[in-house]
A.B. asks: 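I'd like to ask you about the structure that follows.
Note that ligands are numbered from 1 as they come in the structure, with each ligand's atoms numbered from 1 the same way. Side chains included, hydrogens not; waters and symmetry mates left out as well; all remaining heavy atoms used.
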Amino acid sequence: MKNLVVSSGAGISAESGVKTFRDADGLWENYPVMDVASHDGFLRDPALIHNFYNMLRAKMVNAQPNAAHYGLVELEKYFNVNVITQNVDDLHERAGSKNVLHLHGELMKVRSLKDESRVYKLPCDELTDKGLETSVDTRDPYGDPVRPHIVFFQEAVPNIEPACELAQQADIFVVIGTSLVVYPAASLLHYAPRNAEVYYIDPRPSAVPSYVHVIPKTATEGVKELIEILSK
Ligand code: APR
């Protein structure tokens with residue numbers, strides 16, 4: 001089977017009712033990103049960041065995967081599909097995608113501040129807070145405080161190496177719903193082999209090299225068109 005590698009961003013979750021970051025009325029229009037999603041911001045005011053991610057988790061509870069997420073699961077019948085996502089939601093997993101690699105962390109997880117290998121999926125009865133919310137007072141079974149399992153701005157992206165390796169193995173590389181402004185995620189497109197077919201699905205696509213086949217549509221419409229193209 002050919003390798004089909006997807007690199008998805010907030011746009012694939014837009015039709016599930018999840019706000020993107022940089023569109024009109026996007027998340028960063030309403031929250032100061034360096035206060036609520038940066039390493040320095042967490043050192044400065046951890047309570048503010050706990051509350052920001054508690055709010056995002058509460059919004060995610062009602063979100064459902066959309067036809068674009070399910071379309072990628074459909075493609076697993078014909079291709080070896082790996083999804084690399086900048087998204088911290090779990091919509092790809094809930095749609096049924098088997099291979100999902102998160103570059104910027106996972107909203108439904110927190111980890112020990114003392115030992116980053118101790119990761120807890122919320123809700124988690126091992127924590128002193130049993131629901132989807134955490135605070136500076138939340139403790140894990142070792143008595144340690146926790147933090148969102150999110151890659152904050154100013155922090156390294158630990159999964160970028162395996163992501164680059166996947167991109168280098170791609171026969172088909174598909175970028176969906178990302179403004180391509182945040183690195184190193186935005187560079188993945190350039191790791192696809194020269195002879196790979198590269199597609200970019202986005203209703204307002206950013207500038208990309210001329211060899212990229214741009215499908216200027218929403219994720220649901222664009223994935224449907226992609227499936228038609230690939231089924232020929
Ligand atoms: N279908 C497909 N794409 C869409 C849709 C849709 N229905 N609606 C909007 N888009 C596109 C926009 O045109 C834009 O190109 O989704 C993209 C969203 O861009 P951003 O808001 O910048 O989101 P993203 O590229 O995922 O941001 C990257 O920035 O803040 C950090 O960590 C955060 O992972 C995030 C990273």
A.B. asks: To check your reading of the model: name the closest protein heavy atom to atom 25 (O) of ligand 1, its residue, and the distance in Å.
C.D. replies: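 Result for atom 25 (O) of ligand 1: Thr178 OG1, 2.7 Å.
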A.B. asks: I'd like to check the side-chain contact (heavy atoms from CB on, under 4.5 Å) partners of Lys121; sequence neighbours left out, ordered by chain and number.
C.D. replies: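 In terms of side-chain contact (heavy atoms from CB on, under 4.5 Å), with neighbours along the sequence ignored, Lys121 is linked to Asp90, Met108, Lys109.
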A.B. asks: Checking a contact table here: which protein heavy atom is nearest atom 3 (N) of ligand 1, and how many Å away?
C.D. replies: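 The answer is Pro203 CD, 3.2 Å.
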A.B. asks: Could you tell me whether Arg111 and Asp140 have a side-chain N and a carboxylate O separated by less than 4.0 Å?
C.D. replies: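 No, no charged N to carboxylate O under 4.0 Å.
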A.B. asks: Out of all atoms in ligand 1, which are within 4.0 Å of some heavy atom of Val182? Include the element for each.
C.D. replies: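 Close to Val182: 28 (C), 29 (O), 36 (C).
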A.B. asks: Just to confirm my output: which protein heavy-atom neighbour is closest to atom 14 (C) of ligand 1, and how far is it?
C.D. replies: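 Result: Asp202 OD2, 3.5 Å.
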A.B. asks: Pull out every atom of ligand 1 sitting under 4.0 Å from any heavy atom of Phe21, numbered as shown with elements.
C.D. replies: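 In order of number, 21 (O), 23 (O), 27 (O), 30 (O), 33 (C), 35 (C).
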A.B. asks: Compute the centroid of each ring, for His213 and then for Tyr199, and state whether the two points are separated by less than 6.0 Å.
C.D. replies: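 That pair passes the under 6.0 Å test.
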A.B. asks: We want to know whether His50 and Thr134 form a side-chain donor-acceptor pair, criterion being a heavy-atom distance below 3.5 angstrom.
C.D. replies: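 Checked: His50/Thr134 side chains pair up, N/O donor to acceptor below 3.5 Å.
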A.B. asks: Could you list which atoms of ligand 1 come closer than 4.0 Å to a heavy atom of Trp28?
C.D. replies: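 Answer for ligand 1: 30 (O).
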A.B. asks: Angle class for the Phe52/Trp28 ring planes (parallel below 30°, perpendicular above 60°, tilted otherwise)?
C.D. replies: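 Plane angle under 30°, so parallel.
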A.B. asks: Is the OH atom of Tyr142 crowded by more than 12 outside heavy atoms at less than 6.0 Å?
C.D. replies: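 Atom OH in Tyr142 is not crowded, with 12 or fewer foreign heavy atoms closer than 6.0 Å.
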A.B. asks: Nearest protein heavy-atom contact for atom 27 (O) of ligand 1: which residue, which atom, what distance?
C.D. replies: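 Result: Arg22 NH1, 3.0 Å.
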A.B. asks: What part of His104, side chain from CB on, backbone N/CA/C/O, both or neither, has a heavy atom under 4.0 Å from ligand 1?
C.D. replies: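 Side chain only; the backbone of His104 stays clear of ligand 1.
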A.B. asks: Does an N or O anywhere in Ile201 fall below 3.5 Å from an N or O of ligand 1?
C.D. replies: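 There is no such contact.
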A.B. asks: Give the residue, atom name and distance (to 0.1 Å) of the protein heavy atom nearest atom 26 (O) of ligand 1.
C.D. replies: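 Nearest neighbour among protein heavy atoms for atom 26 (O) of ligand 1, to 0.1 Å: Ala10 N, 2.8 Å.
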A.B. asks: Going by the closest heavy atom to atom 20 (P) of ligand 1, which one wins out of Ala68, Ser16, Ser179, Ala186?
C.D. replies: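 Minimum heavy-atom distance to atom 20 (P) of ligand 1 goes to Ser179.
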A.B. asks: Would you say Val181 touches ligand 1, if touching means a heavy atom closer than 4.0 Å?
C.D. replies: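 Heavy atoms of Val181 never come under 4.0 Å of ligand 1.
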A.B. asks: Taking the six-membered ring of Tyr211, is NZ or CZ of Arg194 closer than 6.0 Å to its centre and within 45° of its axis?
C.D. replies: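 Yes - Arg194 lies over the ring of Tyr211, closer than 6.0 Å to its centre and within 45° of its axis.
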A.B. asks: Identify, for atom 28 (C) of ligand 1, the protein heavy atom at the shortest distance, and state residue, atom and that distance.
C.D. replies: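 That would be Gln86 OE1, 3.1 Å.
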A.B. asks: Is there a donor in the side chain of Asp115 and an acceptor in the side chain of Ser117, or the other way round, less than 3.5 Å apart?
C.D. replies: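 Checked: Asp115/Ser117 side chains pair up, N/O donor to acceptor below 3.5 Å.
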A.B. asks: For Tyr78 and Leu230: C-alpha separation, side-chain torsions, deciding distance, then whether side-chain contact (heavy atoms from CB on, under 4.5 Å) applies.
C.D. replies: CA-CA 9 Å; Tyr78 313 105; Leu230 296 179; over 6 Å; no
A.B. asks: For Gly26, is the nearest heavy atom under 4.0 Å from an atom of ligand 1?
C.D. replies: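 Flag not set, Gly26 not near ligand 1.
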A.B. asks: To the nearest 0.1 Å, how far is atom 9 (C) of ligand 1 from its closest protein heavy atom, and which atom is that?
C.D. replies: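 Of every protein heavy atom, Asp23 OD2, 3.2 Å lies nearest to atom 9 (C) of ligand 1.
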A.B. asks: Can a side-chain donor-acceptor contact be found between Glu155 and His104 if the only test is distance below 3.5 angstrom?
C.D. replies: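 No - no donor-acceptor pair under 3.5 Å links their side chains.
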A.B. asks: Indicate whether the side chain of Asp129 and that of Thr138 have a donor and an acceptor atom separated by less than 3.5 Å.
C.D. replies: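 Judged by distance alone, the side chains do pair up.
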A.B. asks: Nearest 0.5 Å please: distance from the CG atom of Leu166 over to the CG atom of Asn99.
C.D. replies: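 If I round to the nearest 0.5 Å, the distance is 8.5 Å.
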A.B. asks: Relative to the heavy atoms of Glu15, which atoms of ligand 1 are at a distance of less than 4.0 Å?
C.D. replies: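 With Glu15 as reference, the close atoms of ligand 1 come out as 1 (N), 6 (C), 7 (N).
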A.B. asks: Where is the nearest protein heavy atom to atom 16 (O) of ligand 1: which residue, which atom, and how far?
C.D. replies: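 In this structure, atom 16 (O) of ligand 1 has Gly11 CA, 3.3 Å as its nearest protein heavy atom.
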A.B. asks: With heavy atoms only and a cut-off of under 4.0 Å, state how Ala14 meets ligand 1: side chain, backbone, both or neither.
C.D. replies: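 It is the side chain that gets close, since no backbone atom is under 4.0 Å.
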A.B. asks: Which of the numbered atoms in ligand 1 are under 4.0 angstrom from any heavy atom belonging to Gly9?
C.D. replies: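 Close to Gly9: 26 (O).
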